[in-house]
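Everything quoted here is computed from the prediction, not taken from an experiment.
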Number of protein chains: 2
Amino acid sequence: MEYLLRDLKVVINDKIYLKDPESSTLGKKIVEYSILLINDIGFEGFTFKKLGEQIGSNESSIYRYFENKHKLLLYLASWYWGWLEYQLVFMTNSISNPTEKLKKTIEIITQTVKEDSSFSHINEVLLHKIVINEYSKSYLTKEVDKENKEGYFLIYKRLVTRIKDMIINVNPGYKYPSSLSSTVMEGALHQYFLKDHFSSLTDCDKDSSPTAYFVDLVFNSINNNN
Amino acid sequence: MEYLLRDLKVVINDKIYLKDPESSTLGKKIVEYSILLINDIGFEGFTFKKLGEQIGSNESSIYRYFENKHKLLLYLASWYWGWLEYQLVFMTNSISNPTEKLKKTIEIITQTVKEDSSFSHINEVLLHKIVINEYSKSYLTKEVDKENKEGYFLIYKRLVTRIKDMIINVNPGYKYPSSLSSTVMEGALHQYFLKDHFSSLTDCDKDSSPTAYFVDLVFNSINNNN
DNA sequence: CAAATATAATAGTAATACTATCATACGTAG
DNA sequence: CTACGTATGATAGTATTACTATTATATTTG
């Protein structure tokens, strides 16, 4: 796994950035420390000025990489979903049994994230937390339709489509494959959030994982032909 | 129904506001027009200054009712959830069969909203849209734990708990009643959002409602004892 | 070594998110 | 009918945000 990914780059829609942050030391630093800083103070409190102070760089230099912090969030999220997609594709590629394949996929999507040494400047564990806490804000905007047309949510949509297709492969008669797939993708983030902040609203805790819940949910839904 | 609610007031945690907006004409105008304006320009673009211009009032007067726009959003959301809870309680009160009761509840939670003449200054249809587009932003903050302790999310949590209890009443052996309940509450908003902006990620469209999907999801989940 | 490119430093602007103060209008208790 | 308290309005002011523009200084590369 680590081998396979070692020289890969998560490919992100180049309209999201002004200059590819992977192309320079400063760019990588921006990505690396924005993850730390957003985690620390939250997306609302996060500014390019504060990030500049953290990395000893000027605000104006950061603006040469990203138009604004919203675009940076889109970048981080796209990176996360692209990284997850790699995991998913590699780890399920060899599975031919549709049920097994779907089960493994749900596991990967809903699991807690472990650090991945393949991308040294990106802390995937913290990035997962950012996605849990901030991802919704990247699309709950007045610009969502325009930005969707520009392809900013492509990787996320591709992931939902992949799961949808696997659901159909298990049961072509199931009536809501897209909705179920999007429910798992969004619901996984939500259950992690509830676990941390509204524990009475979830059954997920140290003894029970979101994965167990979603595997149960999905297979009960699609195995019931009614 | 309209009869029963005519003289009711949705009771909202009084720490959310500085001065009860229901207590004056200006207060009601703030609520009424904030719904229109947030719908129009989105929560990010919304400011008290703009709202003041809309209602011919001064910015500073609005600040006497709400500390900031975040608190106003909490107020609007609480109002919406409280209003939904009334609907739910009144419309399911007489149902004794647990399955029927749960089914009716899911219908009420996941349905499109129709205008309710009981509260003349509040447009429930637009308020539902605001909840779909903005509610997540009210809790995806660094202050969520503090604000949760202050009781700002109480009505929402009570609703999740109600559905959870009904799920348990149908099948006490089901392992994830809280998670399923929160999935329905959150997922309903999400499916409506997808329908409007990412139609390929949902099966909900003019021919298929979120309600049908969630009724199917819930009953397949809890009726399968495995 | 010169030229191109990247980054830093500085300054400036409009808008946001308030706070404070004072004026005025309005409603009602005596 | 008036004085008094409260609600609202008008104005001013501040720190911060979210940028843009310009110029200076490194650094890289041809």
Inset, instruction - Quick one, give me the B/S/- string for nucleotides 8-17 of chain C, reading 5' to 3', where B means a protein heavy atom under 4.0 Å from the base and S means that only happens at the primed atoms, P, OP1 or OP2. - result: BBB-----SS
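Every residue meeting the ring-ring contact (aromatic ring centres under 6.0 Å, His included) condition with A:F198, not counting sequence neighbours, appears here in chain and number order: B:F153. In this structure, the salt bridge (charged side-chain N to carboxylate O under 4.0 Å, His left out) partners of A:K137, at least two apart in sequence or on a different chain, are A:E44, A:E134. Every residue two or more places apart in sequence or in another chain that forms a side-chain contact (heavy atoms from CB on, under 4.5 Å) with A:N13 is listed here: A:K15, A:I16, A:Y152. Taking the salt bridge (charged side-chain N to carboxylate O under 4.0 Å, His left out) definition, one finds that A:E59 meets it with nothing, sequence neighbours left out. Annotation: salt bridge (charged side-chain N to carboxylate O under 4.0 Å, His left out) contacts of B:E67 (sequence neighbours excluded): B:K71. Here B:D145 pairs with nothing under the salt bridge (charged side-chain N to carboxylate O under 4.0 Å, His left out) rule; sequence neighbours left out.
Atom CD in A:E67 sits about 11 Å away from atom C1' in D:dC19, given to the nearest Å. The CG-P distance, from A:L18 to C:dT5, rounds to 17 Å in whole Å. Spacing between atom CZ of A:F66 and atom P of D:dA18 amounts to 16 Å, rounded to whole angstrom units. Between the CG atom of B:L51 and the P atom of D:dT8 there is a distance of 14 Å, rounded to whole Å. Whole-Å rounding puts the A:I62 CD1 to D:dA18 P distance at 13 Å.
Across residues 30-41 of chain A, not one residue has a non-hydrogen atom less than 4.0 Å from an atom of DNA chain D.
In this structure, A:K19 reaches the C:dT7 phosphate: one of its side-chain N or O atoms is under 4.0 Å from OP1 or OP2. Between A:Y65 and C:dA6, a side-chain N or O to OP1/OP2 separation shorter than 4.0 Å is absent.
Every pair passing ring-ring contact (aromatic ring centres under 6.0 Å, His included) that includes a residue from residues 31-54 of chain A is listed here, sequence neighbours excluded: A:F48-A:Y63.
Within a 6.0 Å sphere centred on NZ of A:K49, other residues, nucleotides and ligands contribute 12 heavy atoms or fewer.
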